[in-house]
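Working notes, structure below.
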Amino acid sequence: MKYMKYNVNEKGYYGEFGGAWIPEMMYANIDELRHRYLEIIESPEFKKEFDQLLKDYVGRPSPLYFAGRLSEHYGTKVYLKREDLNHTGSHKLNNTVGQILLAEKLGKTRIIAETGAGQHGVATATVCALKGIKCVVYMGDLDVQRQAPNVKKMKMLGAKVIPVHSGNKTLKDATNEAMRDWINNPEDTHYIIGSVVGPHPFPDMVARFQSVISKEMKSQLLEKTGSEFPTRILACVGGGSNAAGAFYHYLDDEQVELIGVEAAGKGVETKETAATLLVGSPGVLHASRTMLMQNRDGQITEPYSISAGLDYPGIGPLHAHLFKTGRAKYMATTDEEVLKAALLLTQKEGIIPALESAHALAALEKIKMKPDDVNVINLSGSGNKDMETYLNYFGY
Amino acid sequence: MKKNRINRLFETKKENIFSVYFTAGFPNLDDTVKIIQELEKNGVDLIEIGIPFSDPTADGPTIQHSSEIALKNGMSLHLLFEQLKNIRESVKIPLILMGYFNPVMQFGLEQFCKKCSETGIDGIILPDLPLEEFEAHYKKNFAKNNLHNILLITPQTPEARIRQIDKASNGFIYMVSSAATTGAGKKVEDFQQDYFERIQQMNLKNPRLIGFGISDHDTFANACKYAGGAIIGSAFVKALQSGNELQNSIRDFTKKITGNTKTTAKS
C-alpha cells in the first residue's frame, strides 16, 4: 500500500490527530460520508466525471512555470505551480468540484460552506451554479468587509452569503455557523468544507481532491528537469488544503523536503499571529483533534493574519501529524515579509500572488538554497482579491 | 460507592422530571451557587451546569451569547470547581456538568473526573465526545468516580446505534427533540410525535429526558408525555437576562413551566 505511513487510518486518525469528534446530531451525515466516500470517489464513473471537469472547467493541468528572474534573484531554481490560473483564481475549485459531484451522488439538494478570504465561498458558489444547486455561504462579518469583491461574486453566482457576527467574526466563526446549519438541516444538506479540517472523512477527502496538484507536479517536473523529485516544495498553510495537495504524492518520497509556511501575522512571539503549529498545542476544535491556538483553560484564542484565508486557529490533522513526525517542516512569515515577497514576484515575473500564497514566497528569504536546488512553490491563488490591501500598503 | 443521585431521582420520580440548564458565570460571575439553590428551592429536579466554551457549535444564539458573556466575566473550569466546592452542604438534587470536550481535555480528564467526584457532581454531558472515543479512552475514569456519561440521541440516530447508546448509558438518555441546535425555537409537537413514539416503544433500559426546543409549559408538558421529563436551556438562560432579581426571575420561570403540569398530574 502506498502512503501508508502518513495516510489516515481506518478510524480517521493521522497518528494521534484527527478523528470525528462530532456531536450526535451530526452522526448520521458523517457516518454516511465515512462509509461511502471512498467507494464513490474511487468509482470509474466518478473519476471520469471529475477528471473531465478538472480539464474543461477548472482549466487543468495548471502550468508548472520556471520563474527565471526570481530564480536569478535567489541564485537557485524556482518553479511556480500556477494554481492561481485555475477558474475562480485559486486551488479551491479542485475540492469543490469533487465535493459537488459527491453531494449529487448522495442525493443532497442544498449546499453550505464556510469561507475566510472568500475563495472557497466563490469556488462553492461556482459549482452550485454549475449544477443548479442551492448554496448558502457563511462568512465572518470582518471578512465580508475586507473581501468585498468576493462577496459580490458569490451573490452574482446565486449564493446566499450570511455574515457571521459571533467571536472574532472570521473563518473560525463562519465554520461554527456552518456546522450549526448542518446540525439543523441533517437530511437535504451537504457541507462542503473548504480545507483539510473538520471531522473524518473530510481531511482525507479534501486532500484526495487536492492531490491532483502533486500528481501533475510529478509529470511536469519529470518533463522539465528529468526527475519527478524536486529538492523541496513550499506551500502556505492555514487549514492546509493547498499544502496537502502539493505534498500528497511526495509524502513517502522522503528525499523531497516539504515545507509548510504559516502566517506569523505580526510575529510568532506576539499575540497577533496565526502560526498554529508554532504556537499551539493539541486540542479538539471543529470535530477534530489537532493543534490549536488556545489559552490554558482550553478556550480558543483569536488568530491574526493580514490574509483572511490563513486566519484560522487550527490546522488540518494531517499537518499536525507531519509536524509531529518531522516529515514536513513548518515555518512562519510575517505580514511585512509577505507583502515584500508579493511585490518582488509581481515585479520580477509579472504575477500578482494572493496574500496567502505570498507567505510561501516569503519563505524563500529564510531558506538556504543551492544553485542546483529545484524549489517548487505552490502558488495557490491570484492576488486579484487582495488589490485593496496591496494598494493601501504600497501607496500606488 | 454511594448510589448516584441521578439513579435515585429516576427511581423515585417517574414522570414530569423538570431539568434546567444554565451557563456558569452568566449573567454574573458569582451567580452559580445562587442559581442552583434557587432552582432546587423552586422544585427543579436536576440541573445541568454549562461550562462555557469559546466555540459552542451545538448551541444556538442564546447559549452562545451566555457563554461569551460568561467567558468575558472570567469563568473557567478551575473557578467553577472553586465556586461549587461546598455545594453539597446546601443542595441535594443531582448536578450535571455540561460542556465541550476541549476545556475538559486541557484541564486533564482524570483530574476533571476526580474533581467532579469530590464536588458531588453526578453526571457529565460532553456533546462532542463521541461514544467510540468515550468507550475507548475515558469510560474507566468516569466509572471510578461514580460519574454517569450522558449520551444524546436524535431523530436521525439509527436504531442499532440507539441500542448501543442505551447499553453504554447508566443514568439517562438525553433525547434531542429535533434536528436542531439549542434554542432553535421549533415547537416540539410539530413533527416529532412519530419519533417520540418510536423511541417509547423501544423499551430502552435507561429513562429518557427530552431536550432542545422545550421553552414553555406546553412544550414541557408534551415532552413529558413521552419521557421521564424534559430539559430546558435557552428559555431559562433568556429568563435570567431579564435583569430582575435572580430569585424573582427563577421563581416566575419555574412557575410558568410547571404550574399547570402539576395540576394536570393531580387531577
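This one's a predicted model, so the numbers in the text were calculated from it and none came from an experiment. Hydrogens, waters and symmetry mates are skipped; everything else that's a heavy atom, side chains included, is used.
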Which one, B:Val104, B:Leu126, B:Asp128, leads in non-hydrogen pairs under 4.5 Å with chain A?
-> B:Asp128

Under a 4.5 Å heavy-atom cut-off, does chain B meet the side chain of [X], its backbone, both or neither?
X: A:Ala20; answer: backbone
X: A:Arg289; answer: side chain
X: A:Pro282; answer: both

With a 4.5 angstrom heavy-atom cut-off, which part of [X] approaches chain A: side chain, backbone, both or neither?
X: B:Phe53; result: both
X: B:Ile153; result: backbone
X: B:Pro56; result: both
X: B:Leu77; result: neither
X: B:His65; result: neither

Which of B:Ile47, B:Val237, B:Ile232 passes side chain to side chain contact (heavy atoms under 4.5 Å, CB included) with B:Tyr21? Answer is B:Val237

Verify whether the ring centers belonging to B:Phe142 and B:His148 lie closer than 6.0 Å.
-> no

Between the side chains of A:Asp181 and A:Asn184, does any donor sit under 3.5 Å from an acceptor?
->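 Their side chains do not contain a donor-acceptor pair, so the 3.5 Å distance test is not met.
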
Please check if any side-chain donor atom of B:Gln193 sits under 3.5 Å from a side-chain acceptor atom of B:Tyr226, or the reverse.
->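 Checked: B:Gln193/B:Tyr226 side chains pair up, N/O donor to acceptor below 3.5 Å.
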
Spatial distance of atom NZ (B:Lys85) from atom NZ (B:Lys115) [nearest 0.5 Å] = 8.5 Å

More than 12 foreign heavy atoms under 6.0 Å from CZ of A:Arg296: is that the case here?
-> no

Cation-pi geometry met for A:Lys271 and A:Tyr304 (6.0 Å, 45°) = no

